[in-house]
Amino acid sequence: MIKLLPEDVWSKIAAGEVVERPGSVVKELVENSIDVGAKRIRVSLWDGGKARIIVEDDGGGIPFDDLPLAIERHATSKLSTTEDLNSIITLGYRGEAIASIASVSKLEIRSCPEGEAGGLIRVNEGRLIEHVKTTCPKGARVQVDDLFCNIPARKKFLKASLSELRRCSSVLRDYALAWPGISFGLSHENKTLYTTDGNGNRKRALSQIWGNSPESLTVHVTSGNLSLECWYQPFPLRGRNEISAFVNGRAVNDPIIRAAVSNAGNELSGNWALFITLNPSLIDVNVHPAKAEIRFRYTGEVFDSIKKASEILSGNPAKIAFFNTPKYDGNSKAPEVKPKPEDRSSLNFSINSPNLFSRAASSFDTESFTANESSEKSWNFNEDDLADKGNVKQNINEPEVKFISQLSSGYLVFETPESVIIMDPHAAHERIMFEKIMVESAQVKTQTLISPEALQPTIAVQVQELESELCSVGFSFSDENGLCVTGIPFALGNVSSPLAILRATIAVWSDNGNERKLDEQLTARWSEIACKSSVKLTSRLHQSEALELWRKLHLCKQPFSCPHGRPTVLKLEYSELAKHFGR
């Protein structure tokens with residue numbers, strides 16, 4: 001028999017479509033604040049938003065007489081007719097958000113439009129408790145307590161407070177990027193996590209959220225009816241992207257956009273912020289209960305615009321200079337991007353670094369390596385750090401070697417009494433750094449940083465959530481003057497920047513569906529950083545550096561291939577050469 005559901009049942013079902021977790025509440029309330037013209041929005045959370053959420057703004061507010069309507073379903077000031085659905089310009093429009101929140105929590109709204117008396121309304125699980133006039137600042141203050149207090153099944157599936165805090169932070173971060181003219185702030189348990197100044201400068205807003213290292217890049221592209229403003233910050237971790245996408249100021253999670261960014265390739269891994277602007281009539285935003293998905297009338301324009309942006313950014317992103325381009329019409333020549341000069345400080349196998357590779361043996365016979373008089377021989381190794389000494393001594397039992405030259409292609413040429421050996425310096429350095437990590441990561445040791453590095457909001461919340469796990473593998477942190485990383489795993493001290501190592505390690509805990517053991521995952525991620533930090537094939541090496549590279553390679557357990565399986569050297573025996581030339 002079919003029967004009508006009671007109101008308390010269907011209201012909770014409907015609320016569950018809009019309000020999934022504390023982050024959903026923050027999203028809906030922040031969107032309302034933006035729609036009413038707020039220039040300052042502050043979000044305060046307790047227990048990750050599970051216990052309390054407060055959103056305050058300085059916008060237009062809600063008139064006293066309209067407060068009871070604000071908690072009614074399908075009551076809104078943003079739509080009037082069906083024609084309005086064809087061109088929605090506000091972030092909210094259904095009139096469901098506050099009603100849904102009120103039905104699954106204890107809700108209080110204080111509101112005061114400019115020039116009018118303030119009002120207060122209290123609602124408990126959808127039931128109106130109080131509606132009175134009161135004194136309050138211009139704007140609105142919405143407080144949500146005990147979320148899902150009447151739906152225990154939904155409440156028990158909420159994550160730990162720091163996990164929910166991270167989701168709320170992500171929501172606010174996205175809108176801070178999309179609306180740089182609004183000052184946003186987030187606090188947790190009365191502690192400020194971050195604020196933006198709202199001066200309208202997108203680059204500054206990005207720096208406050210992403211940080212300044214490495215520098216962000218931007219391009220502007222047009223494709224048909226669509227205009228794209230693309231910002232990109234490279235990651236050291238290949239194949240991983242963090243994508244924030246916005247359409248007419250609305251944060252969206254769209255498969256077309258994700259596919260287009262993925263199509264950019266592994267060389268453009270990093271933070272992406274994509275701001276798409278087009279006529280509202282060319283999109284349908286009314287396709288998802290939480291308004292997280294939209295439909296484009298011309299999906300090809302979306303894909304093409306992101307593809308054009310990635311082509312402008314292509315190459316070695318870590319060496320691209322920052323530029324601002326005029327709107328790119330798809331016909332004019334893309335702006336030329338010149339790489340910065342080679343940074344010789346990246347040659348991490350410097351002969352003055354005694355801790356470059358701990359498996360080196362002090363008993364190594366330096367006299368077996370001959371070179372010109374200018375060649376350095378100030379090797380310094382620690383016998384106590386030697387791992388599997390027998391294998392190492394067997395590997396380093398090499399004949400006298402001379403460095404001949406570096407070819408224009410970048411390969412190094414060495415000579416021994418029996419052969420000519422050609423080396424790929426990048427593959428060789430990768431092998432050295434990989435085995436260094438393998439050996440030293442077996443024991444948890446922390447290398448203290450000379451200067452602690454402050455953590456930007458995008459990573460600080462993740463660190464708070466995973467702090468014990470990160471400390472267990474060698475990181476250390478301080479919270480005296482804002483959250484900072486003060487130490488990193490010892491094996492990675494000369495490999496890359498602390499923030500790059502931290503991002504890669506956090507990614508191990510963020511990935512799902514990987515059945516490998518945690519230590520294996522960490523080693524794999526850290527080895528990717530070693531690859532990024534290794535000397536490039538195009539880097540010009542001094543004679544002493546080439547000999548140092550030869551020396552460290554032959555101390556490795558598996559010196560003949562890089563971690564990815566590519567060969568490190570090619571050996572040409574003189575006997576084979578003589579046979580080839582008929583001598």
Side-chain angles (χ1 to χ4, degrees), residues 85-89 91 170-171 173-175 177-180 202-203 206 209-210 216-235 237-318 320 322-337 511:
L85 287 171
N86 298 325
S87 185
I88 295 174
I89 59 174
L91 300 179
S170 178
V171 170
R173 177 197 70 199
D174 280 351
Y175 279 110
L177 300 182
W179 300 84
R202 181 102 67 194
K203 182 181 179 183
L206 282 161
I209 300 297
W210 285 356
S216 301
L217 319 174
T218 183
V219 293
H220 296 262
V221 169
T222 58
S223 179
N225 301 284
L226 177 150
S227 174
L228 168 68
E229 178 186 344
C230 173
W231 289 81
Y232 168 72
Q233 183 187 53
F235 275 178
L237 192 60
R238 186 176 299 169
R240 186 176 183 86
N241 294 305
E242 297 290 340
I243 305 169
S244 296
F246 310 88
V247 178
N248 292 349
R250 181 189 304 279
V252 299
N253 183 12
D254 185 79
I256 299 295
I257 295 175
R258 293 198 305 271
V261 172
S262 299
N263 190 62
N266 287 340
E267 292 304 319
L268 287 178
S269 301
N271 281 321
W272 291 78
L274 305 167
F275 304 94
I276 295 173
T277 304
L278 74 169
N279 191 305
S281 65
L282 298 179
I283 56 174
D284 183 359
V285 301
N286 191 30
V287 296
H288 189 272
K291 301 171 295 198
E293 299 176 8
I294 64 174
R295 287 178 183 159
F296 294 95
R297 181 174 296 182
Y298 305 112
T299 57
E301 292 181 353
V302 179
F303 196 92
D304 288 345
S305 64
I306 297 175
K307 181 180 178 182
K308 288 179 183 178
S310 66
E311 288 172 352
I312 296 174
L313 294 169
S314 63
N316 186 349
I320 296 178
F322 180 87
F323 57 87
N324 284 292
T325 68
K327 292 213 171 192
Y328 180 56
D329 60 9
N331 297 315
S332 59
K333 184 179 179 181
E336 181 181 1
V337 181
D511 288 345

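A quick note: this is a predicted structure, and the numbers were derived from the prediction, not measured. Counting begins at 1 with the first residue of the sequence.
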Heavy-atom pair of closest approach, residues Y175 and G249: CE2-O, 3.7 Å

Residue list, ring pair (Phe, Tyr, Trp, His ring centres under 6.0 Å) with F246, at least two apart or on another chain: F275

Over all atoms of both residues, closest heavy-atom pair of S216 and W210: OG-CE3, 3.5 Å

Residue pair N248 / I283, side-chain heavy-atom distance below 4.5 Å: yes

Summary of salt bridge (Lys or Arg N to Asp or Glu O under 4.0 Å) pairs that have at least one residue in residues 222-234, sequence neighbours excluded: R202-E229

Straight-line distance of L226 CG to N279 CG, nearest 0.5 Å: 11.5 Å

Point-to-point distance, once rounded to the nearest 0.5 Å, from CD1 of I306 to CZ of R258: 11.5 Å

Enclosure of Y298 OH (heavy-atom neighbours >12, cutoff 6.0 Å): no

Partner residues of S305 under the side chain to side chain donor-acceptor pair (under 3.5 Å) criterion, sequence neighbours left out: none

Value rounded to 0.5 Å, distance of CG in L228 from CD in E301: 12.0 Å

Sequence-distant partners of R297, side chain to side chain donor-acceptor pair (under 3.5 Å), two or more places apart: none

Positive for side chain to side chain contact (heavy atoms under 4.5 Å, CB included) with Y232, one of L313, L274, V261: L313

Exam field: side chain S310 to backbone K307, donor-acceptor pair closer than 3.5 Å: yes

Exercise: identify the closest heavy-atom pair between A309 and V219: CB-CG2, 3.6 Å

Heavy-atom pair with the smallest gap, counting every atom of I294 and F296: CD1-CZ, 3.6 Å

Closest heavy-atom pair and its distance - K308, T222: NZ-O, 3.7 Å

Side chains of S244 and N271 in contact at under 4.5 Å (non-hydrogen atoms): no

Pairwise distance CD1(I312) to OG1(T218) - rounded to 0.5 angstrom: 10.0 Å

Gap separating the CG atom of D174 from the CG atom of N253, nearest 0.5 angstrom: 10.0 Å

N225 to L278 - nearest heavy-atom pair and separation: O-CB, 3.7 Å

Residue pairs involving residues 217-226 (criterion salt bridge (Lys or Arg N to Asp or Glu O under 4.0 Å); sequence neighbours excluded): none

Partner set under side-chain contact (heavy atoms from CB on, under 4.5 Å) for D304, not counting sequence neighbours: S223

